[in-house]
Amino acid sequence: MEAIGSRMPALPRGWHWLLITAIAPVAWGSNYYVTRQFLPLDHPLWGAVLRALPAGLLLLAVSRSRPRGSWWWKSVVLGTLNVGAFFVLVYVASQLLPSSVASTIMATSAAVLMLVAWPLLRDRPTLLPLLGALLGFVGVGTMVLGGTTAIEPAGVLASLAAMVMSSFGFVLTKKWAVGEKTLAITSWQLIAGGLLVLPFALVIEGGPPVIDGTAALAFGYVTVVATALAFVAWFTGLRHLPAGTVGLVGLLNPVTGVLLGTLLAAEPFGPREAIGTALVVGGVLLGVPRGAPGRRRSVREDRRRERRSHAADGRRPEDRAV
């Protein structure tokens with residue numbers, strides 16, 4: 001990653017991490033469209049299993065690292081919050097809500113991440129990220145409010161539950177992941193989450209759904225791009241940026257949903273959508289870290305969390321994964 005930074009000298013501090021993090025909400029925004037259009041209906045549990053397990057095994061094959069010490073139970077906790085229950089709820093929301101609405105509700109995690117990070121990480125939100133979140137919410141509202149599409153309440157509840165659970169899970173990942181390899185902790189969460197859902201899928205939904213060629217390609221995209229690549233990019237951002245800033249990048253999720261609806265589903269894109277998109281992007285840019293002092297404070301907090309994590313696992317700092 002340092003090599004990436006060295007090849008981008010024109011970017012201000014933190015921007016290359018911002019661009020890497022942005023891969024995640026863009027991929028997740030596309031996931032709503034792909035799930036709604038191409039994946040089997042009425043199989044949210046198998047949808048979660050077939051999304052999580054292959055992605056986790058793929059990353060495990062690359063990282064070649066298994067959990068140690070407290071990471072066995074941490075992987076189960078994070079796998080539940082970020083993967084297992086989260087994927088099921090997202091699958092339900094994707095089937096019940098338009099892509100733009102589902103992704104918009106998830107984008108409210110920008111504010112929730114800031115609030116959760118305050119007590120858990122002692123990461124007090126500052127003025128510019130808060131203003132950026134407010135500007136982004138105005139942009140999101142501009143894009144999606146005033147439409148004529150009926151909204152399914154169950155889909156809204158599923159999306160809200162997924163947003164709250166994942167917000168806590170993402171902050172806990174940032175808190176616990178200091179000194180661990182991003183690929184490794186991502187694979188552990190995905191595998192744990194997929195295995196947790198598997199028995200429920202077998203009991204409640206029976207065997208896996210019949211998948212035709214189109215659905216197989218869709219699952220391949222969801223697994224590799226919208227899961228493996230997206231989660232690695234997101235957790236990389238959480239490692240290098242404040243949680244509030246990462247949450248702001250999540251506002252790109254509804255922008256992706258609206259743009260895909262326009263380009264692929266022939267939904268209208270007029271002045272309202274253009275203004276909303278510009279406000280969201282402006283909110284993200286407003287919340288970008290601009291100075292070194294905040295980063296130095298974050299580094300000191302990371303080092304303290306790293307020492308506590310190594311003490312809990314019985315390892316010395318020099319034994320940590322890189």
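This chain uses plain numbering: 1 for the first residue, then up along the sequence. Worth knowing before you read on, the calculation uses all heavy atoms, side chains too, and leaves out hydrogens, waters and symmetry mates.
Residues Val116 and Trp118 are members of separate hydrophobic clusters, defined by side-chain heavy-atom contacts under 4.5 angstrom among Ile, Leu, Val, Met, Phe, Trp and Tyr. The cluster map of Ile, Leu, Val, Met, Phe, Trp and Tyr, joined by side-chain heavy atoms under 4.5 Å apart, puts Leu241 and Leu115 in different clusters. Linking ILVMFWY side-chain heavy atoms closer than 4.5 Å, directly or via other members, places Val225 and Leu59 in a single hydrophobic cluster. Neither Leu172 nor Val76 shares a network with the other; the hydrophobic side chains, linked directly or stepwise wherever heavy atoms of I, L, V, M, F, W or Y lie under 4.5 Å apart, form separate groups for each. Linking ILVMFWY residues whenever their side-chain heavy atoms come closer than 4.5 Å, directly or via other members, leaves Leu217 and Phe38 in distinct clusters.
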Original post:
Under the side-chain contact (heavy atoms from CB on, under 4.5 Å) criterion, do Leu50 and His43 qualify, and how do the steps go?
Top reply: CA-CA 10 Å; Leu50 295 175; His43 287 85; over 6 Å; no
Subject >> Intermediate values then yes/no, side-chain contact (heavy atoms from CB on, under 4.5 Å), Thr35 and Arg51 >> reply: CA-CA 11 Å; Thr35 299; Arg51 178 183 178 185; over 6 Å; no
Original post:
Where do Phe200 and Val88 land on the side-chain contact (heavy atoms from CB on, under 4.5 Å) test, with the steps shown first?
Top reply: CA-CA 11 Å; Phe200 293 97; Val88 172; over 6 Å; no
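In this structure, Val197 and Phe87 have side chains that are not in contact, with every pair of non-hydrogen atoms separated by 4.5 Å or more. In this structure, Tyr91 and Leu39 have side chains that are in contact, with non-hydrogen atoms separated by less than 4.5 Å. Counting heavy atoms from C-beta outward, Trp188 and Leu78 have side chains that stay 4.5 Å or more apart. Counting heavy atoms from C-beta outward, Leu53 and Ile191 have side chains that approach closer than 4.5 Å. Between Val164 and Leu160 there is no side-chain heavy-atom pair separated by less than 4.5 Å. In this structure, the side chains of Trp28 and Val90 stay at 4.5 Å or more apart for every pair of heavy atoms.
Judged purely by atom type and a 3.5 angstrom limit, Trp234 has no side-chain atom pairing as donor or acceptor with the backbone of Thr21. No side-chain donor-acceptor contact under 3.5 Å links Trp17 to the backbone of Arg239. Remark: the backbone N or O of Asn82 is not paired with any side-chain donor or acceptor of Gln189 at under 3.5 angstrom. Side chain of Ser166 to backbone of Met163: a donor-acceptor contact under 3.5 angstrom is found. Using a distance-only test at 3.5 Å, with no hydrogens or angles considered, no donor-acceptor pair links the side chain of Lys174 to the main chain of Ala243. Using a distance-only test at 3.5 Å, with no hydrogens or angles considered, a donor-acceptor pair links the side chain of Lys175 to the main chain of Leu120. Thr223 contributes no side-chain N or O that, together with a main-chain N or O of Ala55, makes up a donor-acceptor pair within less than 3.5 Å. Counting only distance, with no hydrogens or angles, the side chain of Ser30 and the backbone of Ala27 share a donor-acceptor pair below 3.5 Å.
Heavy-atom minimum distance, Ala216 versus Ile211: N-CG2, 3.3 Å. When every heavy atom of Asp42 is checked against every heavy atom of Pro44, the shortest pair comes out as C-CD, 3.4 Å. Here the closest non-hydrogen pair linking Ala177 and Ile185 is CB-CD1, 3.3 Å. Between Ala192 and Ser75 the shortest heavy-atom distance is CB-O, 3.5 Å. Of all non-hydrogen atoms in Ser187 and Ser63, the two that sit nearest each other are OG-OG, 4.0 Å. Pairing each heavy atom of Gly47 with each of Phe219, the nearest pair is O-CE2, 4.1 Å.
Considering CG of Leu196 and OG1 of Thr80, their distance stands at 4.5 Å, rounded to 0.5 Å. Rounding to the nearest 0.5 angstrom, the gap separating the CG atom in Leu229 from the CG atom in Leu58 is 10.5 Å. Taking OG1 of Thr173 as the start and CZ of Phe235 as the end, the distance is 4.0 Å to the nearest 0.5 Å. Between the CG atom of Leu60 and the OG1 atom of Thr186 there is a distance of 11.5 Å, given to the nearest 0.5 Å. Note that the CG atom of Leu198 and the CH2 atom of Trp46 stand 5.0 Å from one another [nearest 0.5 Å].
Classified by interplanar angle (parallel below 30°, tilted 30° to 60°, perpendicular above 60°), the ring pair Phe86/Phe231 is perpendicular.
The 12-atom threshold is not exceeded at CZ of Phe168, counting heavy atoms of other residues, nucleotides or ligands nearer than 6.0 Å. Few gaps surround OH on Tyr221; more than 12 heavy atoms of other groups in view lie less than 6.0 Å from it.
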